[in-house]
Student: 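To start, I am sharing the structure in question, which I have written as structure tokens.
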Amino acid sequence: DSGVTQTPKHLITATGQRVTLRCSPRSGDLSVYWYQQSLDQGLQFLIQYYNGEERAKGNILERFSAQQFPDLHSELNLSSLELGDSALYFCASSVDTRQETQYFGPGTRLLVL
Amino acid sequence: GENVEQHPSTLSVQEGDSAVIKCTYSDSASNYFPWYKQELGKRPQLIIDIRSNVGEKKDQRIAVTLNKTAKHFSLHITETQPEDSAVYFCAASKGGSYIPTFGRGTSLIVHP
């Protein structure tokens with residue numbers, strides 16, 4: 001167990017809908033990262049937050065957004081869902097942006113029908 | 001940006017054999033290279049990492065080597081066991097944000 005928690009574990013929804021994925025980092029970690037893992041694209045970095053502020057953006061679609069709250073948990077919002085958004089979404093955390101090691105959560109498996 | 005190539009995509013070995021997975025990276029500024037093991041449907045787990053000021057690192061049956069000049073690094077697993085069967089990902093990142101760029105993964109199958 002990495003200490004990073006994610007909810008829900010599974011999510012099934014329909015095209016056009018909106019969902020919110022939640023992540024709680026390890027105790028003491030200030031930095032949160034979101035990744036998407038699909039069969040054809042591999043593990044892709046989406047976005048990073050540090051102590052409530054956005055720090056880096058990767059291959060995140062405009063339909064997706066995220067935020068980190070004062071208690072350091074983070075939410076990833078996916079809207080206008082398409083079939084191709086079906087994937088595993090992982091959250092990871094690290095102590096701060098200077099710490100290389102990231103610890104991954106168990107992931108949320110999203111299925112868009 | 002950084003580009004990480006990983007080979008092979010699939011590796012099948014007999015229990016007790018050694019396994020080697022190779023990665024190359026493009027950005028000479030990358031200085032941190034973690035390796036993750038991911039079992040089916042589970043989270044990636046860090047198994048070993050190496051920083052650019054070190055050429056080799058070993059942890060029991062697992063070792064990683066880094067050649068900065070050639071910009072490649074490798075994972076070596078000795079005395080493989082069936083429980084080593086998983087997908088292994090290499091990654092490269094650099095100081096600042098340490099956002100990793102991942103390889104496409106190697107599916108390691110260890111036959112009993």
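Chain identifiers are assigned alphabetically (A, B, ...) following the order of the sequence lines, protein sequences preceding nucleic acid strands; residue numbering begins at 1 within each chain.
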Student: With no hydrogens and no angle check, just 3.5 Å: does a side-chain donor-acceptor pair link Glu5(B) and Asn3(B)?
Tutor: yes
Student: Non-hydrogen contacts under 4.5 angstrom with chain A: give the residues of residues 59-70 of chain B involved, or none if there are none.
Tutor: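 From residues 59-70 of chain B, none sit under 4.5 Å of chain A.
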Student: Sort by residue number and list every member of residues 27-44 of chain B having a non-hydrogen atom under 4.5 Å from chain A.
Tutor: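 Residues in range: Tyr32(B), Tyr36(B), Gln38(B), Gly41(B), Lys42(B), Arg43(B), Pro44(B).
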Student: Side chain, backbone, both or neither: which part of Tyr103(A) has an atom under 4.5 Å from a heavy atom of chain B?
Tutor: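 Answer is neither: Tyr103(A) stays 4.5 Å or more from chain B.
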Student: Measure the CZ-OH distance between Phe104(A) and Tyr33(A) for me, rounded to the nearest 0.5 Å.
Tutor: 10.0 Å
Student: Please flag which part of Asn59(A) lies under 4.5 Å from any non-hydrogen atom of chain B: side chain, backbone, both or neither.
Tutor: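 Interface part for Asn59(A): neither.
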Student: Do the side chain of Gln36(A) and the main chain of Leu46(A) share a donor and acceptor less than 3.5 angstrom apart?
Tutor: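 No, the answer is negative, given that no donor and acceptor are paired below the 3.5 Å cut-off.
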Student: Indicate yes or no for a side-chain donor-acceptor contact from Ser93(B) to the backbone of Ile99(B) under 3.5 Å, with no hydrogens or angles considered.
Tutor: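 No: the side chain of Ser93(B) does not pair with the backbone of Ile99(B).
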Student: Non-hydrogen contacts under 4.5 angstrom with chain A: give the residues of residues 76-88 of chain B involved, or none if there are none.
Tutor: none
Student: Looking only at atom types and distance, does a side-chain atom of Glu2(B) sit under 3.5 Å from a main-chain N or O of Ser26(B), one as donor and one as acceptor?
Tutor: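 Side chain of Glu2(B) to backbone of Ser26(B): a pair is present.
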Student: Any sub-3.5 Å donor-acceptor pair from Gln68(A)'s side-chain atoms to Asn51(A)'s backbone N or O?
Tutor: yes
Student: Show your reasoning for whether side chain to side chain contact (heavy atoms under 4.5 Å, CB included) applies to Leu21(A) and Gln6(A).
Tutor: CA-CA 7 Å; Leu21(A) 312 183; Gln6(A) 289 186 249; 5.8 Å; no
Student: Between Gln44(A) and chain B, with a heavy-atom cut-off of 4.5 Å, which part of the residue counts as in contact: side chain, backbone, both or neither?
Tutor: neither
Student: Evaluate whether atom NZ of Lys57(B) has more than 12 neighbouring non-hydrogen atoms of other residues, nucleotides or ligands under 6.0 angstrom away.
Tutor: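 Correct, the count exceeds 12.
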Student: Look at Ser2(A), Gly107(A), Gly42(A) and state which one has the largest set of heavy-atom pairs under 4.5 Å with chain B.
Tutor: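 Answer, by heavy-atom pair count under 4.5 Å with chain B: Ser2(A).
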Student: State whether Arg63(A) and Glu82(A) are salt-bridged, where the test is any N-O pair (Lys NZ or Arg NE/NH1/NH2 against Asp/Glu carboxylate O) under 4.0 Å.
Tutor: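 Salt bridge: yes.
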Student: What residues of residues 101-112 of chain B sit under 4.5 Å from chain A when only non-hydrogen atoms are counted?
Tutor: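 The residues closer than 4.5 Å to chain A, in numerical order, are Phe102(B), Arg104(B).
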Student: Is there side-chain contact between Ile21(B) and Cys90(B), with heavy atoms separated by less than 4.5 Å?
Tutor: no
Student: Roughly how far apart are Ser31(A) OG and Glu53(A) CD, rounded to 0.5 Å?
Tutor: 11.5 Å
Student: Any side-chain heavy atom of Val32(A) within less than 4.5 Å of one from Leu72(A)?
Tutor: no
